[in-house]
Amino acid sequence: MMTSHTIAVLVNDQPGVLQRVSGLFGRRGFNIESITVGQSEEEGLSRMVIVTQGDDKTLEQIEKQLYKLIDVIKVVNLSSKPMVGRELALIKVKSEPAERPEIMGVVETFRAAVVDIGTNSMIVQVVGDTEKIDAMIELLHPYGIRELSRTGVTAMIRGNA
């Protein structure tokens with residue numbers, strides 16, 4: 001059964017590592033739905049959080065292939081445990097002054113924030129799980145989305161793990 005998997009990959013912070021990891025997915029025909037990369041708690045190591053689709057066998061194959069890459073230190077299937085996953089989106093929405101109170105109502109409902117206002121547009125920042133971001137985009141769509149930028153999911157296992 002095809003399900004969404006969130007995988008954390010701890011890697012050496014070296015040029016070309018992102019290309020080798022993403023290339024591994026591409027060569028095997030696995031799609032990366034989102035990927036975030038940044039510093040980890042250990043100096044010299046970066047953490048990649050990758051969201052992909054596949055069955056359990058596919059996930060096992062991905063993990064084994066990742067471990068074959070020299071710069072990969074650790075691979076953790078975050079979605080197999082209780083996790084916290086968040087994404088950030090910036091949404092530039094068309095907003096004539098008369099529509100702004102309505103748009104602000106949507107923004108407040110989602111505990112989002114307006115981070116820029118122009119003469120006929122505004123930029124909204126929203127942080128949450130993927131479903132929250134999708135719902136916010138859907139509600140702002142009728143006003144006219146001019147530009148959209150999403151970070152992709154970053155995640156951690158809950159608790160002391």
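This is a predicted model, so every value here is computed, not measured. Only this structure's heavy atoms are used, side chains among them; waters, hydrogens and symmetry mates stay out.
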Audit row: Met136, Val107, side chain to side chain contact (heavy atoms under 4.5 Å, CB included) steps and yes/no: CA-CA 8 Å; Met136 178 101 185; Val107 168; 4.1 Å; yes
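- Across all non-hydrogen atoms, the minimal contact from Arg100 to Gly118 is NH2-O, 2.6 Å.
- A donor-acceptor pair under 3.5 Å is formed between the side chain of Thr36 and the backbone N or O of Val153.
- From Lys92, atom NZ reaches atom CD1 of Ile145 across 12.5 Å, with rounding to the nearest 0.5 Å.
- With rounding to the nearest 0.5 angstrom, the OG1 atom of Thr151 is 5.0 Å from the CD atom of Glu87.
- Counting heavy atoms from C-beta outward, Val106 and Leu140 have side chains that approach closer than 4.5 Å.
- Between Leu59 and Ile7, some side-chain heavy-atom pair lies under the 4.5 Å cut-off.
- In terms of hydrophobic clustering, with Ile, Leu, Val, Met, Phe, Trp and Tyr side chains grouped at heavy-atom distances under 4.5 Å, Val126 and Ile137 are assigned to a common cluster.
- Residue Val21 is tested with Leu69, Asp71, Val37 for a side chain to side chain contact (heavy atoms under 4.5 Å, CB included); the sole match is Leu69.
- Taken from CD in Glu60 to CD in Gln65, the straight-line distance is 11.5 Å, to the nearest 0.5 Å.
- Using a 4.5 Å cut-off between side-chain heavy atoms of Ile, Leu, Val, Met, Phe, Trp and Tyr, with links allowed through other members, Leu148 and Phe110 fall into the same hydrophobic cluster.
- The residues Glu41 and Arg47 are annotated as salt-bridged, a charged nitrogen and a carboxylate oxygen being separated by less than 4.0 angstrom.
- By the 6.0 Å contact criterion, CD on Gln53 is enclosed, its count of non-hydrogen atoms from other residues, nucleotides or ligands being greater than 12.
- Between Ser22 and Ile32 the shortest side-chain heavy-atom distance falls below 4.5 Å.
- Interatomic distance, Ile91 CD1 to Gln125 CD, rounded to the nearest 0.5 Å: 10.0 Å.
- Around atom CG of Asp55, more than 12 heavy atoms belonging to other residues, nucleotides or ligands sit under 6.0 Å away.
- Rounding to the nearest 0.5 angstrom, the gap separating the CE atom in Met83 from the CE atom in Met156 is 12.5 Å.
- Between the His5 side chain and the Ser79 main chain, no donor and acceptor come within less than 3.5 Å of each other.
- Here the rule is side chain to side chain contact (heavy atoms under 4.5 Å, CB included) with Val72, and of Asn12, Leu24, Val9, Leu10 only Val9 fits it.
- Interatomic distance, CG of Leu78 versus CD1 of Ile50, reported as 10.5 Å (0.5 Å rounding).
- Ionic pairing of Arg86 and Asp129 is not present here: no N-O contact between side-chain nitrogen and carboxylate oxygen is shorter than 4.0 angstrom.
- Side-chain contact between Gln61 and Phe30: present, with at least one pair of heavy atoms (C-beta onward) separated by less than 4.5 Å.
- A donor-acceptor distance shorter than 3.5 angstrom exists from the side chain of Lys132 to the backbone of Val127, with no hydrogens or angles considered.
- Taking the side chain as every heavy atom from C-beta outward, Arg146 and Val93 never approach each other to under 4.5 Å.
- Applying side chain to side chain contact (heavy atoms under 4.5 Å, CB included) to Tyr143 and the options Met122, Lys94, Glu102 leaves one that passes, Glu102.
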